Colleague: 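The following block contains the structure, expressed as C-alpha coordinates.
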Amino acid sequence: MYKIEPVNIRNDKLVILDQTLLPGEEKYIEMDRAEDIYEAIKSLRVRGAPAIGVAAAIGIYAVLKSSGAEDKTALAKKFNETAAFLRRSRPTAVNLGWALDKMTARMEDACAHTGDADELLATLKEEAVKIREDDIKACRSMGEHGLTLLKPGMGILTHCNAGILATAQYGTCLSPIYLGQEQGYDFHVYADETRPLLQGARLTSWELSRSGVDVTLICDNMAATVMAQGKIDAVVVGCDRIAANGDAANKIGTMGLAILADHFNIPFYMFVPTSTIDLDTKTGDDIVIEERDGEEIYKMWYEKPMAPEGIKTFNPSFDVTPHRLITAVVTERGIVKQPYMQGLRIIKGPF
Ligand code: MRU
(Lines give C-alpha, C1' and ligand atoms only; values in the text may rest on other atoms or scores of the structure.)
Protein backbone atom coordinates (compact mmCIF):
# COMPACT_ATOMS: atom_id res chain seq x y z
CA MET A 1 0.00 0.00 0.00
CA TYR A 2 1.37 3.36 -1.05
CA LYS A 3 2.36 5.53 1.93
CA ILE A 4 -0.07 8.46 2.09
CA GLU A 5 -1.15 10.47 5.15
CA PRO A 6 -4.29 12.30 3.98
CA VAL A 7 -4.97 13.90 7.36
CA ASN A 8 -2.78 14.20 10.44
CA ILE A 9 -1.49 16.49 13.17
CA ARG A 10 1.95 18.10 12.94
CA ASN A 11 3.42 20.94 15.01
CA ASP A 12 -0.01 21.35 16.64
CA LYS A 13 -1.51 22.09 13.23
CA LEU A 14 -3.83 20.19 10.93
CA VAL A 15 -1.84 18.77 8.02
CA ILE A 16 -3.59 17.46 4.92
CA LEU A 17 -2.60 16.19 1.52
CA ASP A 18 -4.22 18.70 -0.86
CA GLN A 19 -6.46 16.40 -2.94
CA THR A 20 -7.41 19.13 -5.41
CA LEU A 21 -3.85 18.94 -6.79
CA LEU A 22 -3.84 15.18 -7.37
CA PRO A 23 -2.77 13.32 -9.40
CA GLY A 24 -0.36 15.99 -10.67
CA GLU A 25 1.15 17.14 -7.41
CA GLU A 26 1.55 15.57 -3.95
CA LYS A 27 1.55 18.57 -1.64
CA TYR A 28 0.89 18.66 2.09
CA ILE A 29 -0.46 21.84 3.70
CA GLU A 30 -0.60 22.88 7.36
CA MET A 31 -3.49 24.88 8.79
CA ASP A 32 -4.55 26.39 12.09
CA ARG A 33 -7.05 29.07 10.98
CA ALA A 34 -10.75 28.22 11.01
CA GLU A 35 -11.33 29.97 7.65
CA ASP A 36 -8.61 27.89 5.97
CA ILE A 37 -9.93 24.64 7.41
CA TYR A 38 -13.49 25.52 6.34
CA GLU A 39 -12.25 26.30 2.82
CA ALA A 40 -10.21 23.07 2.68
CA ILE A 41 -13.27 20.97 3.54
CA LYS A 42 -15.67 22.94 1.32
CA SER A 43 -13.39 22.80 -1.73
CA LEU A 44 -12.52 19.10 -1.17
CA ARG A 45 -8.83 19.63 -0.43
CA VAL A 46 -9.64 17.12 2.27
CA ARG A 47 -12.64 14.94 1.48
CA GLY A 48 -14.35 11.63 2.15
CA ALA A 49 -16.62 11.30 5.15
CA PRO A 50 -14.14 9.85 7.70
CA ALA A 51 -11.29 12.15 6.63
CA ILE A 52 -13.54 15.20 6.98
CA GLY A 53 -14.41 14.13 10.54
CA VAL A 54 -10.75 13.65 11.47
CA ALA A 55 -9.83 16.99 9.86
CA ALA A 56 -12.53 18.81 11.84
CA ALA A 57 -11.37 17.23 15.12
CA ILE A 58 -7.68 18.04 14.61
CA GLY A 59 -8.64 21.36 13.04
CA ILE A 60 -10.63 22.63 16.02
CA TYR A 61 -7.75 21.73 18.33
CA ALA A 62 -5.27 23.56 16.05
CA VAL A 63 -7.48 26.65 15.94
CA LEU A 64 -7.77 26.79 19.74
CA LYS A 65 -4.07 26.11 20.28
CA SER A 66 -3.07 29.00 18.03
CA SER A 67 -5.85 31.33 19.25
CA GLY A 68 -3.92 32.86 22.11
CA ALA A 69 -6.96 32.35 24.37
CA GLU A 70 -5.52 32.12 27.86
CA ASP A 71 -8.40 31.10 30.08
CA LYS A 72 -11.26 28.64 30.15
CA THR A 73 -13.95 31.17 29.21
CA ALA A 74 -12.07 32.45 26.19
CA LEU A 75 -11.22 28.91 25.04
CA ALA A 76 -14.82 27.73 25.43
CA LYS A 77 -16.10 30.73 23.44
CA LYS A 78 -13.59 30.09 20.63
CA PHE A 79 -14.43 26.38 20.68
CA ASN A 80 -18.18 26.97 20.26
CA GLU A 81 -17.73 29.55 17.48
CA THR A 82 -15.30 27.30 15.57
CA ALA A 83 -17.41 24.15 15.94
CA ALA A 84 -20.53 25.95 14.64
CA PHE A 85 -18.55 27.41 11.73
CA LEU A 86 -16.87 24.15 10.63
CA ARG A 87 -20.15 22.23 10.95
CA ARG A 88 -21.55 24.35 8.10
CA SER A 89 -18.75 23.48 5.65
CA ARG A 90 -20.41 20.37 4.15
CA PRO A 91 -23.88 19.02 5.02
CA THR A 92 -24.15 15.40 3.87
CA ALA A 93 -21.33 13.46 5.54
CA VAL A 94 -22.42 12.71 9.09
CA ASN A 95 -18.84 12.20 10.29
CA LEU A 96 -18.20 15.95 10.36
CA GLY A 97 -20.89 16.58 12.98
CA TRP A 98 -20.09 13.28 14.71
CA ALA A 99 -16.44 14.25 15.25
CA LEU A 100 -17.33 17.77 16.38
CA ASP A 101 -19.89 16.29 18.82
CA LYS A 102 -17.18 14.03 20.26
CA MET A 103 -14.82 16.99 20.66
CA THR A 104 -17.61 19.04 22.25
CA ALA A 105 -18.44 16.32 24.77
CA ARG A 106 -14.77 16.03 25.71
CA MET A 107 -14.44 19.83 26.00
CA GLU A 108 -17.51 20.08 28.25
CA ASP A 109 -16.32 17.25 30.44
CA ALA A 110 -12.84 18.80 30.75
CA CYS A 111 -14.30 22.25 31.54
CA ALA A 112 -16.31 20.69 34.37
CA HIS A 113 -13.11 19.35 35.91
CA THR A 114 -10.47 22.01 35.33
CA GLY A 115 -10.00 25.70 34.67
CA ASP A 116 -6.46 25.27 33.41
CA ALA A 117 -6.12 26.29 29.74
CA ASP A 118 -3.10 24.03 29.07
CA GLU A 119 -4.92 21.06 30.51
CA LEU A 120 -7.98 21.78 28.35
CA LEU A 121 -5.86 22.01 25.23
CA ALA A 122 -4.02 18.78 26.10
CA THR A 123 -7.37 17.01 26.51
CA LEU A 124 -8.61 18.25 23.12
CA LYS A 125 -5.39 17.14 21.43
CA GLU A 126 -5.69 13.70 23.01
CA GLU A 127 -9.29 13.34 21.75
CA ALA A 128 -8.43 14.50 18.21
CA VAL A 129 -5.49 12.07 18.00
CA LYS A 130 -7.75 9.27 19.28
CA ILE A 131 -10.43 10.02 16.65
CA ARG A 132 -7.74 9.64 13.98
CA GLU A 133 -6.29 6.46 15.45
CA ASP A 134 -9.75 4.94 15.88
CA ASP A 135 -10.48 5.66 12.23
CA ILE A 136 -7.35 3.75 11.17
CA LYS A 137 -8.37 0.77 13.33
CA ALA A 138 -11.97 0.89 12.02
CA CYS A 139 -10.79 0.95 8.40
CA ARG A 140 -8.42 -1.97 8.92
CA SER A 141 -11.21 -3.92 10.58
CA MET A 142 -13.70 -3.09 7.78
CA GLY A 143 -11.10 -4.42 5.37
CA GLU A 144 -10.87 -7.71 7.26
CA HIS A 145 -14.66 -8.15 7.29
CA GLY A 146 -14.97 -7.02 3.68
CA LEU A 147 -12.34 -9.49 2.52
CA THR A 148 -14.54 -12.39 3.65
CA LEU A 149 -17.00 -11.34 0.89
CA LEU A 150 -14.40 -11.32 -1.88
CA LYS A 151 -12.39 -13.98 -3.68
CA PRO A 152 -9.03 -13.83 -5.48
CA GLY A 153 -9.30 -12.88 -9.12
CA MET A 154 -12.59 -11.01 -8.75
CA GLY A 155 -13.46 -7.99 -10.87
CA ILE A 156 -14.54 -5.20 -8.56
CA LEU A 157 -16.21 -1.95 -9.54
CA THR A 158 -15.89 1.09 -7.27
CA HIS A 159 -17.21 4.64 -7.43
CA CYS A 160 -15.80 7.98 -6.26
CA ASN A 161 -12.98 7.50 -3.75
CA ALA A 162 -13.49 5.62 -0.50
CA GLY A 163 -9.85 4.67 -0.28
CA ILE A 164 -6.83 5.76 1.73
CA LEU A 165 -7.42 9.37 0.69
CA ALA A 166 -10.94 9.46 2.13
CA THR A 167 -9.89 8.25 5.58
CA ALA A 168 -6.94 8.42 7.95
CA GLN A 169 -5.55 5.18 6.42
CA TYR A 170 -6.60 2.10 4.35
CA GLY A 171 -9.95 3.51 3.20
CA THR A 172 -13.32 1.91 3.75
CA CYS A 173 -14.34 0.03 0.59
CA LEU A 174 -10.77 -0.11 -0.74
CA SER A 175 -9.43 -1.49 2.54
CA PRO A 176 -10.23 -5.14 1.62
CA ILE A 177 -8.48 -4.59 -1.72
CA TYR A 178 -5.29 -3.53 0.09
CA LEU A 179 -5.55 -6.29 2.69
CA GLY A 180 -6.23 -8.82 -0.10
CA GLN A 181 -3.18 -7.53 -1.95
CA GLU A 182 -1.05 -8.19 1.17
CA GLN A 183 -2.28 -11.81 0.99
CA GLY A 184 -1.54 -12.17 -2.72
CA TYR A 185 -5.12 -11.72 -4.06
CA ASP A 186 -5.16 -10.59 -7.69
CA PHE A 187 -8.21 -8.32 -7.83
CA HIS A 188 -9.09 -6.43 -11.03
CA VAL A 189 -10.51 -3.11 -9.94
CA TYR A 190 -12.60 -0.91 -12.25
CA ALA A 191 -12.75 2.71 -11.11
CA ASP A 192 -15.39 4.90 -12.68
CA GLU A 193 -14.31 8.47 -13.20
CA THR A 194 -17.08 10.00 -11.04
CA ARG A 195 -18.23 13.17 -12.77
CA PRO A 196 -18.14 16.04 -12.10
CA LEU A 197 -15.24 16.18 -9.63
CA LEU A 198 -13.50 13.06 -10.97
CA GLN A 199 -12.61 11.48 -7.64
CA GLY A 200 -12.46 8.07 -9.36
CA ALA A 201 -10.12 9.25 -12.11
CA ARG A 202 -7.94 11.62 -10.10
CA LEU A 203 -7.86 9.85 -6.72
CA THR A 204 -8.92 6.18 -6.80
CA SER A 205 -6.99 5.28 -9.92
CA TRP A 206 -4.01 7.22 -8.53
CA GLU A 207 -3.84 5.57 -5.11
CA LEU A 208 -4.55 2.05 -6.44
CA SER A 209 -2.00 2.24 -9.24
CA ARG A 210 0.61 3.75 -6.88
CA SER A 211 -0.05 0.80 -4.58
CA GLY A 212 0.44 -1.71 -7.39
CA VAL A 213 -3.21 -2.80 -7.61
CA ASP A 214 -4.51 -3.69 -11.08
CA VAL A 215 -6.93 -0.84 -11.87
CA THR A 216 -8.80 0.12 -15.03
CA LEU A 217 -10.41 3.53 -15.39
CA ILE A 218 -13.81 3.78 -17.10
CA CYS A 219 -16.25 6.62 -17.72
CA ASP A 220 -19.36 6.63 -15.54
CA ASN A 221 -21.58 5.66 -18.45
CA MET A 222 -19.58 2.47 -19.13
CA ALA A 223 -20.56 0.67 -15.92
CA ALA A 224 -23.49 -1.18 -17.52
CA THR A 225 -21.26 -2.40 -20.34
CA VAL A 226 -18.52 -3.81 -18.09
CA MET A 227 -21.19 -5.51 -16.00
CA ALA A 228 -22.92 -6.94 -19.08
CA GLN A 229 -19.55 -8.27 -20.27
CA GLY A 230 -19.21 -10.25 -17.03
CA LYS A 231 -16.19 -8.30 -15.84
CA ILE A 232 -17.67 -7.34 -12.48
CA ASP A 233 -18.22 -9.77 -9.58
CA ALA A 234 -18.92 -7.19 -6.87
CA VAL A 235 -19.50 -3.45 -6.48
CA VAL A 236 -17.92 -1.79 -3.43
CA VAL A 237 -18.65 1.79 -2.37
CA GLY A 238 -18.31 4.07 0.65
CA CYS A 239 -21.03 6.00 2.41
CA ASP A 240 -21.54 9.52 3.74
CA ARG A 241 -24.59 8.88 5.92
CA ILE A 242 -26.75 5.80 6.38
CA ALA A 243 -30.23 6.34 7.80
CA ALA A 244 -31.86 4.07 10.40
CA ASN A 245 -33.70 2.09 7.69
CA GLY A 246 -30.52 1.48 5.64
CA ASP A 247 -31.08 4.10 2.90
CA ALA A 248 -27.58 5.40 2.25
CA ALA A 249 -26.21 8.64 0.84
CA ASN A 250 -23.01 8.44 -1.16
CA LYS A 251 -21.46 10.22 -4.14
CA ILE A 252 -23.85 11.05 -6.96
CA GLY A 253 -24.03 8.04 -9.27
CA THR A 254 -23.96 5.43 -6.51
CA MET A 255 -27.70 4.75 -6.78
CA GLY A 256 -27.36 4.17 -10.52
CA LEU A 257 -24.69 1.54 -9.92
CA ALA A 258 -26.88 -0.16 -7.30
CA ILE A 259 -29.76 -0.34 -9.79
CA LEU A 260 -27.42 -1.80 -12.43
CA ALA A 261 -25.94 -4.29 -9.96
CA ASP A 262 -29.46 -5.42 -9.07
CA HIS A 263 -30.27 -5.85 -12.78
CA PHE A 264 -27.15 -7.92 -13.44
CA ASN A 265 -27.43 -9.83 -10.15
CA ILE A 266 -24.10 -8.56 -8.84
CA PRO A 267 -23.63 -8.05 -5.07
CA PHE A 268 -23.54 -4.40 -4.02
CA TYR A 269 -21.55 -3.82 -0.82
CA MET A 270 -21.55 -0.56 1.09
CA PHE A 271 -18.71 0.10 3.56
CA VAL A 272 -19.90 2.12 6.52
CA PRO A 273 -17.94 2.82 9.72
CA THR A 274 -20.34 2.93 12.67
CA SER A 275 -19.57 6.67 12.91
CA THR A 276 -21.45 7.02 9.59
CA ILE A 277 -24.62 5.34 10.91
CA ASP A 278 -27.14 8.06 11.75
CA LEU A 279 -30.01 6.52 13.69
CA ASP A 280 -31.52 10.00 14.23
CA THR A 281 -32.21 10.18 10.49
CA LYS A 282 -35.14 7.85 9.83
CA THR A 283 -34.95 7.35 6.05
CA GLY A 284 -33.07 8.60 3.02
CA ASP A 285 -35.73 11.29 2.48
CA ASP A 286 -34.44 13.05 5.60
CA ILE A 287 -30.82 13.29 4.39
CA VAL A 288 -29.74 16.76 3.28
CA ILE A 289 -28.04 16.55 -0.12
CA GLU A 290 -25.31 19.06 -0.83
CA GLU A 291 -25.73 21.03 -4.06
CA ARG A 292 -22.57 22.44 -5.59
CA ASP A 293 -21.69 25.10 -8.13
CA GLY A 294 -22.75 24.30 -11.70
CA GLU A 295 -19.33 25.39 -12.99
CA GLU A 296 -18.03 22.05 -11.75
CA ILE A 297 -20.08 20.44 -14.53
CA TYR A 298 -19.37 22.56 -17.57
CA LYS A 299 -16.27 24.63 -16.92
CA MET A 300 -13.94 23.43 -14.23
CA TRP A 301 -11.89 20.81 -16.11
CA TYR A 302 -12.02 22.38 -19.57
CA GLU A 303 -9.89 24.94 -21.32
CA LYS A 304 -13.12 26.40 -22.74
CA PRO A 305 -16.63 26.05 -21.26
CA MET A 306 -18.26 22.87 -22.59
CA ALA A 307 -21.80 24.27 -22.56
CA PRO A 308 -23.41 27.55 -23.57
CA GLU A 309 -22.68 30.47 -21.25
CA GLY A 310 -25.47 30.83 -18.69
CA ILE A 311 -26.78 27.28 -19.12
CA LYS A 312 -29.00 26.10 -16.25
CA THR A 313 -27.29 23.41 -14.18
CA PHE A 314 -28.26 21.03 -11.39
CA ASN A 315 -25.33 19.63 -9.43
CA PRO A 316 -26.36 17.42 -6.50
CA SER A 317 -23.19 16.00 -4.96
CA PHE A 318 -24.74 12.86 -3.49
CA ASP A 319 -27.65 10.50 -4.05
CA VAL A 320 -29.45 8.08 -1.78
CA THR A 321 -29.40 4.37 -2.54
CA PRO A 322 -32.60 2.67 -1.32
CA HIS A 323 -31.81 0.05 1.33
CA ARG A 324 -33.33 -2.81 -0.68
CA LEU A 325 -30.56 -2.48 -3.29
CA ILE A 326 -27.74 -2.89 -0.75
CA THR A 327 -26.64 -6.53 -0.45
CA ALA A 328 -24.67 -5.96 2.77
CA VAL A 329 -23.33 -3.13 4.92
CA VAL A 330 -19.76 -3.73 6.08
CA THR A 331 -18.80 -2.02 9.34
CA GLU A 332 -15.74 -2.31 11.56
CA ARG A 333 -17.82 -4.40 13.97
CA GLY A 334 -19.11 -6.87 11.41
CA ILE A 335 -21.38 -7.27 8.41
CA VAL A 336 -25.04 -6.24 8.53
CA LYS A 337 -27.70 -7.64 6.20
CA GLN A 338 -31.43 -6.93 5.79
CA PRO A 339 -33.49 -5.95 7.70
CA TYR A 340 -31.27 -2.92 8.25
CA MET A 341 -33.63 -1.18 10.67
CA GLN A 342 -32.78 -3.83 13.23
CA GLY A 343 -29.21 -4.70 12.21
CA LEU A 344 -27.88 -1.13 12.15
CA ARG A 345 -29.33 -0.38 15.57
CA ILE A 346 -27.66 -3.46 17.06
CA ILE A 347 -24.26 -2.85 15.42
CA LYS A 348 -24.23 0.86 16.35
CA GLY A 349 -25.17 -0.17 19.89
CA PRO A 350 -24.74 1.91 23.01
CA PHE A 351 -20.94 2.13 22.46
O1 MRU B 1 -17.57 14.69 -2.22
P2 MRU B 1 -16.63 13.69 -1.64
O3 MRU B 1 -15.46 13.42 -2.51
O4 MRU B 1 -16.26 14.02 -0.22
O5 MRU B 1 -17.50 12.35 -1.59
C6 MRU B 1 -16.93 11.22 -0.99
C7 MRU B 1 -17.78 10.02 -1.06
O8 MRU B 1 -18.89 10.04 -1.57
C9 MRU B 1 -17.25 8.80 -0.39
O10 MRU B 1 -17.68 7.64 -1.03
C11 MRU B 1 -17.74 8.79 1.06
O12 MRU B 1 -17.42 9.98 1.70
C13 MRU B 1 -17.17 7.66 1.83
S14 MRU B 1 -15.45 7.86 2.09
C15 MRU B 1 -14.85 6.56 2.92
Side-chain angles (χ1 to χ4, degrees), residues 4 6-7 16-20 22 40-56 89-99 132 135-136 138-143 146 157-178 191-208 220 235-242 248-258 268-278 287-293 296-297 300 315-321 326 329-332:
I4 315 167
V7 53
I16 60 159
L17 174 61
D18 186 344
Q19 297 189 34
T20 61
L22 291 172
I41 296 173
K42 178 99 196 148
S43 66
L44 277 61
R45 293 184 199 287
V46 57
R47 48 146 300 281
I52 295 171
V54 175
S89 54
R90 291 195 79 190
T92 304
V94 69
N95 305 60
L96 175 64
W98 171 88
R132 180 177 178 276
D135 184 58
I136 296 175
C139 287
R140 170 112 202 159
S141 180
M142 259 179 288
L157 176 64
T158 189
H159 185 59
C160 191
N161 174 267
I164 306 170
L165 289 165
T167 60
Q169 202 53 255
Y170 296 108
T172 61
C173 80
L174 296 191
S175 179
I177 309 280
Y178 291 121
D192 60 25
E193 60 178 353
T194 318
R195 290 260 308 146
L197 289 181
L198 305 179
Q199 289 92 332
R202 295 187 303 107
L203 308 177
T204 297
S205 61
W206 178 77
E207 65 164 79
L208 286 174
D220 295 320
V235 178
V236 299
V237 293
C239 178
D240 280 80
R241 186 184 298 253
I242 189 163
N250 192 50
K251 180 53 53 195
I252 190 78
T254 303
M255 174 172 49
L257 291 183
F268 183 89
Y269 300 125
M270 195 146 224
F271 284 67
V272 186
T274 51
S275 53
T276 306
I277 300 174
D278 179 8
I287 299 176
V288 177
I289 300 295
E290 173 183 7
E291 272 186 46
R292 297 182 64 86
D293 196 325
E296 288 177 352
I297 299 179
M300 188 165 173
N315 186 13
S317 194
F318 298 91
D319 59 25
V320 176
T321 300
I326 303 170
V329 168
V330 182
T331 80
E332 76 276 23

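Just follow the structure's listing: the first ligand is 1, and inside any ligand the first atom is 1. Given the structure is predicted, the values throughout are model-derived calculations rather than measurements.
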Colleague: Would you mind reporting whether Arg195 and Ile297 have side-chain heavy atoms less than 4.5 Å apart?
Modeller: yes
Colleague: Do you know which of Asn95, Thr167, Asp135 makes side chain to side chain contact (heavy atoms under 4.5 Å, CB included) with Val54?
Modeller: Asp135
Colleague: Ser317 pairs by side-chain hydrogen bond (donor to acceptor under 3.5 Å, both in side chains) with which of Lys251, Glu296, Glu291?
Modeller: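 Between Ser317 and the candidates, side-chain hydrogen bond (donor to acceptor under 3.5 Å, both in side chains) is satisfied uniquely by Lys251.
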Colleague: Who's the nearest protein heavy-atom neighbour of atom 5 (O) of ligand 1, and how far?
Modeller: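 The protein heavy atom lying closest is Lys251 CE, 3.3 Å.
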Colleague: Tell me the protein heavy atom at minimum distance from atom 11 (C) of ligand 1, and give that distance in Å.
Modeller: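 I find the closest protein heavy atom is Asp240 OD1, 3.0 Å.
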Colleague: Which part of Ala49 is near ligand 1, with near meaning a heavy atom under 4.0 Å away: side chain, backbone, both or neither?
Modeller: both
Colleague: How does Phe271 reach ligand 1, if at all, at less than 4.0 Å between non-hydrogen atoms: by side chain, backbone, both, or neither?
Modeller: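 It is neither; nothing of Phe271 touches ligand 1.
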Colleague: I'd like to check which ligand 1 atoms, numbered from 1 as shown, lie under 4.0 Å from a non-hydrogen atom of Pro50.
Modeller: 14 (S), 15 (C)
Colleague: For atom 10 (O) of ligand 1, what's the nearest protein heavy-atom neighbour? Residue, atom name and distance, please.
Modeller: Asn250 OD1, 2.6 Å
Colleague: Do Arg47 and Asn161 have side-chain atoms, one donor and one acceptor, less than 3.5 Å apart?
Modeller: yes
Colleague: For a 4.5 angstrom cut-off between non-hydrogen side-chain atoms, does Phe268 reach Thr254?
Modeller: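 SC-SC contact between Phe268 and Thr254 confirmed.
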Colleague: Does the side chain of Thr276 come under 3.5 Å of the side chain of Asp240 through a donor N or O and an acceptor N or O?
Modeller: no
Colleague: Which atoms of ligand 1 sit under 4.0 Å from any heavy atom of Gly48?
Modeller: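 Listed by number with element, the hits are 4 (O), 12 (O), 14 (S).
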Colleague: Looking at Thr158 and Val236, would you say the former's side chain and the latter's main chain have a donor-acceptor pair under 3.5 Å?
Modeller: yes
Colleague: Distance to 0.1 Å, residue and atom name: give those for the protein heavy atom nearest to atom 15 (C) of ligand 1.
Modeller: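 Checking every protein heavy atom, the shortest distance to atom 15 (C) of ligand 1 gives Thr172 OG1, 3.3 Å.
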Colleague: Heavy-atom contacts with Ala162 under 4.0 Å: which atoms of ligand 1 show up? List them by number with element.
Modeller: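 Selected atoms, number and element: 14 (S), 15 (C).
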Colleague: Scan side-chain atoms only and decide if Gln169 and Tyr178 contain a donor-acceptor pair under the 3.5 Å cut-off.
Modeller: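 Per modelled atom types, Gln169 and Tyr178 side chains form no pair under 3.5 Å.
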Colleague: Mark the output for Cys239 as yes if a heavy-atom distance to ligand 1 is under 4.0 Å, and as no if none is.
Modeller: yes
Colleague: Closer than 4.0 Å to some heavy atom of Arg90 - which atoms of ligand 1 meet that?
Modeller: 1 (O), 2 (P), 4 (O)
Colleague: Out of all atoms in ligand 1, which are within 4.0 Å of some heavy atom of Leu44? Include the element for each.
Modeller: 1 (O), 3 (O)
Colleague: Is it the side chain, the backbone, both or neither of Gln199 that has a heavy atom closer than 4.0 Å to ligand 1?
Modeller: side chain
Colleague: Taking 4.0 angstrom as the limit and counting only heavy atoms of Ala166, give me the atoms of ligand 1 inside it, by number and element.
Modeller: 14 (S), 15 (C)
Colleague: Flag the pair Leu257 / Thr321 as yes when at least one side-chain heavy-atom distance between them is below 4.5 Å, and no otherwise.
Modeller: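 No, side chains not in contact.
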Colleague: For atom 3 (O) of ligand 1, what's the nearest protein heavy atom and its distance?
Modeller: Arg47 NE, 2.5 Å
Colleague: Here's a test for you: under side chain to side chain contact (heavy atoms under 4.5 Å, CB included), which of Ile277, Asp278, Ile287 qualifies with Val94?
Modeller: Asp278
